[in-house]
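Working notes, beginning with the structure itself.
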Amino acid sequence: MPLSVLTPPSPALRSVHAALKSPTAVRGTRKLAPSAWAGPAGSTDPLPVHVLDGVGAGDGAPHAALTGWRFHLAAEGRVVAAAEARITPDGWAFSHFSEGPYVASTQRALRQAESLPALLQPRLLSVPELYMVTLWLRTDAAAPAESGEIDPADLLVPLAPAPPGIRAHRAHRAGDLLPALRDRLAGARLLGSSA
């Protein structure tokens, strides 16, 4: 079933397009060059980016904060990189380009999600405490991008590379995965305090 993709804020997309036209911004990115950029039609898969801090705290329902929007960038008909815009006190601003493994992993997870029978809303969820990024598939397909409430029925698909012991590209219910992550962090803290 097609995914319910949110419409990104126009200023976020404009900041990415402006960065793509800047030789300074694309310097250091192997796969992006102004000559390879396909223009506005080349940005695909707009995904709100949320950060889940305090996953190990265990103090109520998990909540993630919207920190930006990520766009996949296509050149010559294929996704080659991602660009991210961040919210600042002055509005949306270009943050960075990425060519790392999460680009291909996100593409793979999105294609897998399209084969699921339910209408789901895709987002990215970063878990900094575990150096982990997941594709977050909200069951509330009409939720606004700013909404960071994680429902236990939502699906989380860890992207590769995933932390040791967590299988990438396997969909987990948030109600199952988040307690496991919390336990994992509690165990790591316990090991660290006994050293």
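We use all heavy atoms of the structure for the numbers below, so side chains are in, but hydrogens, waters and symmetry mates are not. Counting from 1, the numbers follow the sequence of the chain as shown.
- Across P11, S15, P48, a single residue satisfies side chain to side chain contact (heavy atoms under 4.5 Å, CB included) together with W69, and that is P48.
- Put simply, the side chain of E149 does not reach to within 4.5 Å of the side chain of D151, judged on heavy atoms.
- Cluster membership check: L125 shares its hydrophobic cluster with L130, using side-chain heavy-atom separations under 4.5 Å among Ile, Leu, Val, Met, Phe, Trp and Tyr.
- In the hydrophobic clustering of this structure, L13 does not group with L47; members are Ile, Leu, Val, Met, Phe, Trp, Tyr whose side-chain heavy atoms approach within less than 4.5 Å, directly or through other members.
- With sequence neighbours left out, the side chain to side chain contact (heavy atoms under 4.5 Å, CB included) criterion links P152 to no other residue.
- Across all non-hydrogen atoms, the minimal contact from L159 to A109 is CD2-CB, 3.7 Å.
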For side chain to side chain contact (heavy atoms under 4.5 Å, CB included), just list the numbers for L124 and T134, CA-CA rounded to whole Å, side-chain angles, deciding distance to a tenth of an Å, and then say yes or no.
CA-CA 6 Å; L124 289 176; T134 73; over 6 Å; no
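- Side-chain atoms of R173 come within 3.5 Å of backbone atoms of A153 as a donor-acceptor pair (strictly under, hydrogens ignored).
- Under the 4.5 Å side-chain contact rule for hydrophobic residues, L66 and V49 do not share a cluster.
- The line from OG1 of T139 to CG of L120 is 7.5 Å long, rounded to the nearest 0.5 Å.
- Using a 4.5 Å heavy-atom cutoff, the side chains of H172 and P158 are in contact.
- Between the side chains of T106 and R70, no donor-acceptor pair of N or O atoms lies under 3.5 Å.
- Under the side chain to side chain contact (heavy atoms under 4.5 Å, CB included) criterion, E114 pairs with L3, R111, not counting sequence neighbours.
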Using the rule given for side chain to side chain contact (heavy atoms under 4.5 Å, CB included), can you reason through L52 versus L181, listing the C-alpha separation, both sets of side-chain angles and the distance that settles it, and then say yes or no?
CA-CA 12 Å; L52 180 63; L181 298 179; 5.9 Å; no
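- Listed here is the closest heavy atom pair of W136 and A64: CZ3-CB, 4.3 Å.
- When hydrophobic clusters are built by joining Ile, Leu, Val, Met, Phe, Trp and Tyr residues whose side-chain heavy atoms come closer than 4.5 Å, directly or via intermediates, L185 is grouped together with M132.
- Within the model, atoms CG of L20 and CZ of F94 stand 7.0 Å from one another, a figure rounded to the nearest 0.5 Å.
- Interatomic distance, R138 CZ to L155 CG, rounded to the nearest 0.5 Å: 12.0 Å.
- No single ILVMFWY cluster, assembled from side-chain heavy atoms under 4.5 Å apart, contains both L119 and V5.
- Side-chain atoms of Q121 come within 3.5 Å of backbone N or O of A143 as a donor-acceptor pair.
- With Y102 contributing its side chain and P161 its backbone, the two residues share a donor-acceptor pair below 3.5 Å.
- In this structure, H50 contributes its side chain and A145 its backbone to a donor-acceptor pair below 3.5 Å.
- Between the side chain of S115 and the backbone N or O of Q112, at least one donor-acceptor pair lies under 3.5 Å.
- To the nearest 0.5 Å, the span separating CG on L177 from CZ on R182 amounts to 10.5 Å.
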